[in-house]
There are 2 protein chains.
Amino acid sequence: MSSGTRGYHHGDLRRALLAAAVDGIGEAGPATLSLRDLARRAGVSHAAPAHHFGDKAGLLTAVAAEGFDLLAEALRAADGGLLELGVAYVGFAVEHRAHFDVMFRPDLHRPEDPDLRAARERSGAALRAGVASLPDRRPTADDPDGDALAAWSIVHGFATLWLAGVLPQEIGDDPRAAARVVIHRLFRQA
Amino acid sequence: MSSGTRGYHHGDLRRALLAAAVDGIGEAGPATLSLRDLARRAGVSHAAPAHHFGDKAGLLTAVAAEGFDLLAEALRAADGGLLELGVAYVGFAVEHRAHFDVMFRPDLHRPEDPDLRAARERSGAALRAGVASLPDRRPTADDPDGDALAAWSIVHGFATLWLAGVLPQEIGDDPRAAARVVIHRLFRQA
DNA sequence: ACCCTAACTTGCCATTGACAAGATGCCGAG
DNA sequence: CTCGGCATCTTGTCAATGGCAAGTTAGGGT
C-alpha cells in the first residue's frame, strides 16, 4: 500500500490524519480543529479517526508527542553553545507552530500518556545536555539545573510571546535574530 | 467603560457571565468552555450570553481584557525592583490562571479588539515602567527595551512552563519562590 | 483455503454555537 | 400619567460536532 487513499483500507491513515491535524491547527489554531474535517481531508468516514486516536485528546496527544520528538531533534542539531541552542528552540516554535501550540497545553491532550511522557523527556534531556556542555558554565552546586531552567524559561517565554503576537513591531520579523539578542542578556556576564 | 452594566432581569448578567467563565476555564480549560453551560450557571437562557458578548470569541476577549487589567494592577502593586516585579508576574499567572490561559491565545479571542488592545497596552506600560525604574539598570543604548523584553520573556516562560506542568517536581510547590531563583539568574552579573 | 482481527463504515444521539423572531420590563418623552 | 422605544432576555430552530454502537471489508497468519 503506497500513499493511495483508495480502497477500504487507507494504508497510512494515522500518518495522514496527523499531517492533516498539523495543517488544520496551523490554519486556525487547535480550538476549532474538527475530527470530522480531518476525516474529510483524508477522504475517510467521520468515525475513522476515532479508531486510531480514540478521541480528540488522543489525536492531540499524538501531535504533542511528535512535536517533542521534533524539538529534541532540533535541539540536538543545534551547534554553537547555549545561545544557538536557545535560538534553535525559538526557531522550532515558529516553524512548527502547530505542534508547539499543542505541546504545552495539558488541557488539550493527555499529559500522562506514556508515549508523550517519553517524548517530552527526550526533548528535556536534549535541552539539559546542551546546557551541560557549556564550557563557561557557572559553578552553582546548590542548584545544578538552575541554568537549564532559566534558559528554558527565557526561550520558551520569548517564543510564546512571539507567537502570541504581543511583541512590539519594532522587534522586526526575524524571530531567530530577535531571540539571539534577548538570550544574550541571560549570560552577558561571561 | 465598555458599557453600562446595570441589569434589568438578572441584575448584572455581564459580570455574572464573566465570573462563570473564569470559573469554568479554571476547572477544565478554555477548550471545553460552553456558552450554554455559562448561561445555565447564571440561571438565564442559552442565548443570553450572545447578547452581551456576541459570540464565544467575544466572551473570551472580555476575559482577556479583564486579565490584562488585573495584571497591570498586580505589576503596579509590586514593590522590590525587577525581581519582585517578575515574581508578581508569575504570581498573577498562577493565581489568575483562567485569565492567563486566555490572554496570550489570539486564536481564542479577538486580538484587535480596542478594549483588549488598551488593556494590553496598560499592562505593557506597567511592565516597562517597573523595568525603567531599576536603579542598577545597565546602559544599553542600542536597545533600550531589551531589558524589559528579556525580563518579560523569562517570567512569561517560567509561568507558562509552570502552568503547563512540565517542570520537574523537585522545583517544589511555591511558584513565587521558584521564580525568584530563576529570575535571579537574569541579572546575577550585578 | 479459511478465519479472524484490525481497519473502516453507516447510523445515531446529545450537545453546542449561532441566528431569527418574539416577549419583557425599565426609561424617558409628552 | 400614559405610552412608545429599546435594551434585555426568551423560545425556537438549524447545521455541525464528538463520541458511541453495530455492521462491513480486507488482508495476513496458520
Chemist: Would you kindly confirm whether Val166(B) and Val102(A) end up in one hydrophobic cluster when ILVMFWY residues are joined by side chain heavy atoms under 4.5 Å apart?
Modeler: no
Chemist: Which class fits the ring pair Phe92(A) and Phe100(A): parallel under 30°, tilted 30 to 60°, perpendicular over 60°?
Modeler: perpendicular
Chemist: Quickly work out the Leu13(A) CG to dC8(C) P distance and round it to whole Å.
Modeler: 4 Å
Chemist: Rounded to the nearest Å, what distance is computed from the CZ atom of residue Arg14(A) to the P atom of nucleotide dA6(C)?
Modeler: 15 Å
Chemist: Measure the distance from CG on Asp12(A) to P on dA6(C) and round it to the nearest whole Å.
Modeler: 18 Å
Chemist: Are any side-chain N or O atoms of Arg185(A) and backbone N or O atoms of Leu149(B), one a donor and one an acceptor, separated by less than 3.5 Å?
Modeler: no
Chemist: Supply the atom-to-atom distance Phe158(B) CZ to Thr160(B) OG1, rounded to the nearest 0.5 angstrom.
Modeler: 10.5 Å
Chemist: Going by side chain to side chain donor-acceptor pair (under 3.5 Å), name the residues that satisfy it together with Glu73(B), two or more places apart in sequence or in a different chain.
Modeler: none
Chemist: Judged by atom type as modelled, is there a donor-acceptor pair below 3.5 Å linking the side chain of His96(A) to the main-chain atoms of Gly67(A)?
Modeler: no
Chemist: On DNA chain D, check which nucleotide each of Ala57(A) and His52(B) is closest to and give me the residue with the more 5' one.
Modeler: His52(B)
Chemist: Considering only side-chain heavy atoms of His51(B), which listed nucleotide, dA7(D), dA18(C), dG19(D), is closest?
Modeler: dA7(D)
Chemist: Rounding to an integer number of Å, can you tell me how far Leu17(B) CG sits from dT8(D) C1'?
Modeler: 12 Å
Chemist: Is a salt bridge present between Asp174(A) and Arg180(A), judged by a nitrogen-to-oxygen distance below 4.0 Å?
Modeler: no
Chemist: Let's see if you get this right: which residues in residues 34-50 of chain B place a heavy atom under 4.0 Å from DNA chain D?
Modeler: Arg36(B), Val44(B), Ser45(B), His46(B), Ala47(B), Ala48(B)
Chemist: Heavy atom of residues 106-116 of chain A under 4.0 Å from DNA chain D: which residues?
Modeler: none
Chemist: Does Arg15(B) pair with Asp12(B) as a salt bridge, N-O distance under 4.0 Å?
Modeler: yes
Chemist: Looking across every strand, which nucleic acid part, if any, lies under 4.0 Å from Leu33(B) by heavy atom: base, sugar-phosphate, or nothing?
Modeler: sugar-phosphate
